[in-house]
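Chain A is the first sequence line, chain B the second, and so forth, proteins listed ahead of strands; every chain is numbered from 1. Side chains included, hydrogens not; waters and symmetry mates left out as well; all remaining heavy atoms used.
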2 protein chains.
Amino acid sequence: MNKKPNLKDVAKVAGVSAITVSRVLSNPDKVSEKLRAKVEQAVHEIGYIRNHAASALASRRSGVIAVIIPSLSNIVFNDVLQGIYSAVKQHHLQVVLGDCHYSPLEEEKLIATLLSQSPEGFILTGTDQTDYARKLLKQSGIPIVQLMELSDCPIDMNIGFSHFNAGVDITNHLLQKGYRKLGFLGARMDTRTQQRLAGFKKAIADFKQPCQSYVVTTTQSSSIRLGGQLLQAVMAESQGQCDAVFCCNDDLALGALFETKRMNLKVPSDIAICGFNDLEASALVEPAITSVASPRFEMGQQAVELLMTASGEDKTHKPPIDIGYRIVERAST
Amino acid sequence: MNKKPNLKDVAKVAGVSAITVSRVLSNPDKVSEKLRAKVEQAVHEIGYIRNHAASALASRRSGVIAVIIPSLSNIVFNDVLQGIYSAVKQHHLQVVLGDCHYSPLEEEKLIATLLSQSPEGFILTGTDQTDYARKLLKQSGIPIVQLMELSDCPIDMNIGFSHFNAGVDITNHLLQKGYRKLGFLGARMDTRTQQRLAGFKKAIADFKQPCQSYVVTTTQSSSIRLGGQLLQAVMAESQGQCDAVFCCNDDLALGALFETKRMNLKVPSDIAICGFNDLEASALVEPAITSVASPRFEMGQQAVELLMTASGEDKTHKPPIDIGYRIVERAST
DNA sequence: AGATAAAATGATAGCGCAACCATTTTGACT
DNA sequence: AGTCAAAATGGTTGCGCTATCATTTTATCT
């Protein structure tokens with residue numbers, strides 16, 4: 001195998017200088033049509049592909065943005081990722097992606113690794129970064145977006161919605177429907193889940209009439225199967241009294257719903273179920289599950305746009321962007 | 001903001017030469033403990049992060065592998081991705097990921113873009129690449145793995161399983177259970193779905209007793225909702241005769257199952273349902289859905305291992321690796 | 001036609017790092 | 001102590017590209 005062709009090889013074939021080839025690739029309109037055609041022909045002919053490392057080194061532009069999500073297996077971040085990829089395509093950027101498995105320490109290591117790619121922007125999930133990670137990020141001088149939640153003191157930019165408020169609202173929804181023995185089913189218990197739980201507790205504390213609450217949580221990762229187990233657990237803890245459950249996500253809610261069939265409980269008359277994230281399945285099961293919808297795809301897109309419009313040197317405080325959420329009432333409540 | 005620190009800055013602080021710092025970062029055991037400690041201290045102190053572009057250019061090793069999947073939203077590829085990421089971590093590599101939306105042309109462009117990163121390996125899905133894409137890939141001289149299906153003429157390495165055989169097997173399963181009016185519900189109709197359909201047709205053609213088949217397909221992308229629509233369609237086409245459906249994936253199967261409840265059909269007595277991919281939900285709905293399981297996570301892992309053990313220059317023909325599948329029989333059939 | 005501006009093209013240098021080879025230091029042995 | 005090998009460290013160079021500036025060609029005007 002011959003060595004990979006480089007700029008000079010193309011230049012030789014096209015009969016121009018190397019720098020002209022470079023321009024055809026990055027600033028086609030700075031080159032006359034005649035030369036451009038010759039060069040493009042030569043590029044295609046010898047299958048030349050620009051060496052990104054050399055280009056990035058010389059131009060100080062990597063054409064890369066870094067993204068860290070807490071979990072590849074959670075469909076919620078997948079939606080955000082799709083938004084990111086769709087926006088990135090417009091800007092001719094590449095994404096380098098890391099999965100930190102919900103661990104700030106792993107995230108810190110990933111941040112250091114990904115920063116070595118000299119990304120032109122950084123997208124993070126949540127607000128839970130270590131101090132050293134924050135130091136590295138700030139020192140890098142690149143624009144940064146924190147996703148999903150709203151933060152009082154974002155590193156740079158921030159877009160998300162209030163999981164606390166959403167927790168309050170959906171709990172109030174259950175209370176308004178007349179349920180008084182509310183269960184909370186929580187898995188993983190990352191910060192966003194904790195905020196939802198805090199909202200749940202707040203709504204109950206503020207409610208003017210007597211009501212009961214049962215909180216069942218685990219740090220296991222969420223799954224449909226686990227939803228069934230947690231429903232069992234909350235029924236046990238409440239001695240069968242529990243008449244509504246707020247599941248911290250739709251996976252648990254689906255599992256809980258499937259479990260009600262096995263336990264011969266009627267939804268929503270014996271027990272109401274609501275979830276979070278509004279997955280497709282939630283709208284299509286019988287009965288359909290009440291959930292909290294949020295524009296995740298758009299959040300991902302907007303995060304990229306924020307990065308691209310940020311000057312990088314702009315150190316002014318940027319207010320968090322609240323992208324909102326929506327309670328979707330369905331038959332399960 | 002001061003300029004980003006480089007090797008020399010670290011060297012100055014640590015009182016050593018630049019090359020020693022470089023060694024501490026890439027070959028720690030080539031450096032005495034004393035100097036190493038000094039250097040590591042200096043690195044941490046000034047928050048030094050190696051410039052990947054310069055490193056890649058000088059060493060001709062990018063530490064990157066390229067991956068292209070047909071869809072980010074399909075959970076199936078997500079599982080493979082997780083396997084890839086888990087393996088990649090061991091090898092201290094980065095992944096650059098592209099989503100080609102099931103389009104060979106988009107894939108060709110992505111391949112060109114990703115090759116510019118000088119990846120040390122390339123993972124592709126399927127065998128449907130354009131000629132120019134194949135030329136670029138071969139010319140690059142890097143090891144390549146094609147995933148998911150088995151190919152007679154892989155570009156380099158290949159790991160997957162036979163979707164045709166799986167289609168035959170699951171159709172025979174339905175026939176053995178006594179169903180004789182079989183429907184096939186297909187969405188997207190990518191090559192793997194087509195192979196499953198071919199298997200379905202083959203099994204029916206080979207069956208010794210009289211039986212009917214109804215094929216309903218669409219190029220729309222798959223979803224749970226679509227599964228319900230396709231079930232309606234196949235029942236219409238068969239004038240209510242259809243007594244079993246093979247859905248080309250579990251999303252459709254779930255949608256079909258949910259639709260049977262609305263249509264007051266009993267599963268599996270009125271109609272049997274089977275899917276493909278064995279998603280978590282399929283095992284937990286009532287009745288649980290028969291499906292085809294395959295080790296997707298492991299396939300992703302193995303793909304990376306194959307890349308890492310490949311010498312790159314080894315042009316010998318490597319036989320495809322059949323990673324197998326398993327029919328999981330459940331109550332829906 | 002001549003003067004001037006504008007566009008197109010080229011030559012040179014350097015981005016930050018690691019390969020390569022040269023030099024120094026250390027340790028092991030007689 | 002003296003010899004030699006091995007380990008540790010450093011200096012120089014070049015990876016392939018683009019920024020910058022210099023030069024040439026073309027277009028536009030009086």
Side-chain angles (χ1 to χ4, degrees), chain A residues 2-40 42-43 46-64 92 113 115-120 140-141, chain B residues 2-40 42-43 46-64 92 113 115-120 140-141:
Chain A
N2 313 333
K3 239 182 39 178
K4 262 188 286 182
N6 63 20
L7 264 189
K8 276 187 200 160
D9 300 327
V10 180
K12 213 172 295 169
V13 171
V16 298
S17 70
I19 185 68
T20 299
V21 178
S22 169
R23 266 195 281 258
V24 169
L25 296 173
S26 25
N27 288 84
D29 29 308
K30 297 274 181 201
V31 178
S32 69
E33 209 160 316
K34 214 179 62 188
L35 284 196
R36 190 168 62 221
K38 267 206 288 189
V39 169
E40 276 167 354
V43 165
I46 67 179
Y48 169 73
I49 287 180
R50 173 157 50 178
N51 182 322
H52 171 263
S55 168
L57 182 58
S59 68
R60 281 142 244 220
R61 304 208 59 217
S62 66
V64 157
H92 297 281
T113 309
L115 277 177
S116 76
Q117 306 264 348
S118 314
E120 297 179 22
S140 76
Chain B
N2 313 334
K3 239 183 37 175
K4 262 187 285 180
N6 62 21
L7 266 188
K8 275 189 202 158
D9 300 327
V10 180
K12 213 172 296 168
V13 171
V16 299
S17 71
I19 185 67
T20 300
V21 178
S22 169
R23 267 195 279 259
V24 170
L25 297 173
S26 26
N27 288 85
D29 29 308
K30 298 272 181 200
V31 177
S32 70
E33 207 160 320
K34 215 178 60 187
L35 285 197
R36 191 168 64 222
K38 266 206 288 189
V39 169
E40 276 167 355
V43 164
I46 67 179
Y48 169 73
I49 287 180
R50 173 157 50 177
N51 182 323
H52 170 264
S55 169
L57 182 59
S59 69
R60 281 141 241 228
R61 305 208 58 221
S62 66
V64 157
H92 297 282
T113 309
L115 278 177
S116 77
Q117 306 265 348
S118 314
E120 297 179 21
S140 75

Novice: For A:R36 and C:dA8, give me the distance from atom CZ to atom P, rounded to whole Å.
Specialist: 10 Å
Novice: Separation of B:D9 atom CG from C:dC15 atom P, in whole Å?
Specialist: 12 Å
Novice: State, to 0.1 Å, how close B:A11 and B:S17 come at their nearest heavy-atom pair, and which atoms those are.
Specialist: CB-C, 3.7 Å
Novice: Search all heavy atoms of B:R36 against all heavy atoms of B:D29 and return the closest pair with its distance.
Specialist: NH1-CA, 4.2 Å
Novice: Which heavy atom in A:R50 sits nearest to a heavy atom in B:S116, and how many Å separate them?
Specialist: O-CB, 3.1 Å
Novice: Please tell me if B:S17 has a side-chain N or O lying less than 4.0 Å from either OP1 or OP2 of D:dG10.
Specialist: yes
Novice: Quick one: A:K4 NZ to D:dG16 P, roughly how many Å, whole number?
Specialist: 9 Å
Novice: Any idea which of D:dA8, D:dG16, C:dA18 is nearest the B:S59 side chain?
Specialist: C:dA18
Novice: A:A58 has a side chain; which of C:dC17, C:dA18, C:dC15 sits nearest to it?
Specialist: C:dC15
Novice: Are B:S22 and C:dA18 close enough that a side-chain N or O sits under 4.0 Å from OP1 or OP2?
Specialist: yes
Novice: Could you work out which one of C:dA18, D:dG10, C:dT9 sits closest to the side chain of A:R23?
Specialist: C:dT9
Novice: By nearest heavy atom, map B:S32 and A:K8 onto DNA chain D; which one lands nearer the 5' end?
Specialist: B:S32
Novice: In whole angstroms, how far is the P atom of D:dT18 from the CG atom of A:N27?
Specialist: 10 Å
Novice: Find the distance B:L7:CG to D:dT9:P and express it as a whole number of Å.
Specialist: 16 Å
Novice: Counting any heavy atom closer than 4.0 Å, what does B:R50 reach on the DNA or RNA strands: base, sugar-phosphate only, or nothing?
Specialist: sugar-phosphate
Novice: May I ask you to say what A:L57 touches in the nucleic acid, namely base, sugar-phosphate or nothing, with a heavy-atom cut-off under 4.0 Å?
Specialist: base
Novice: Expressed as a whole number of angstroms, how long is the span from A:I19:CD1 to C:dC15:P?
Specialist: 16 Å
Novice: C:dT26 C1' sits how many Å from B:E33 CD, rounded?
Specialist: 16 Å
Novice: Atom CG of A:N51 and atom C1' of C:dC17: how far apart are they, to the nearest Å?
Specialist: 13 Å
Novice: Quick check on side-chain contact (heavy atoms from CB on, under 4.5 Å): which of B:L35, B:L25, B:V24 does B:E40 satisfy it with?
Specialist: B:V24
Novice: Kindly say whether, by distance alone, the side chain of A:R60 makes a donor-acceptor pair under 3.5 Å with the base of C:dG14?
Specialist: no
Novice: Quick one: is A:Y48 getting a side-chain N or O under 4.0 Å of the D:dC17 phosphate, OP1 or OP2?
Specialist: yes
Novice: Shortest non-hydrogen contact from A:S62 to A:A56?
Specialist: CA-CB, 4.0 Å
Novice: Considering only D:dT9, C:dT9, D:dG16, which nucleotide approaches the side chain of A:L35 most closely?
Specialist: C:dT9
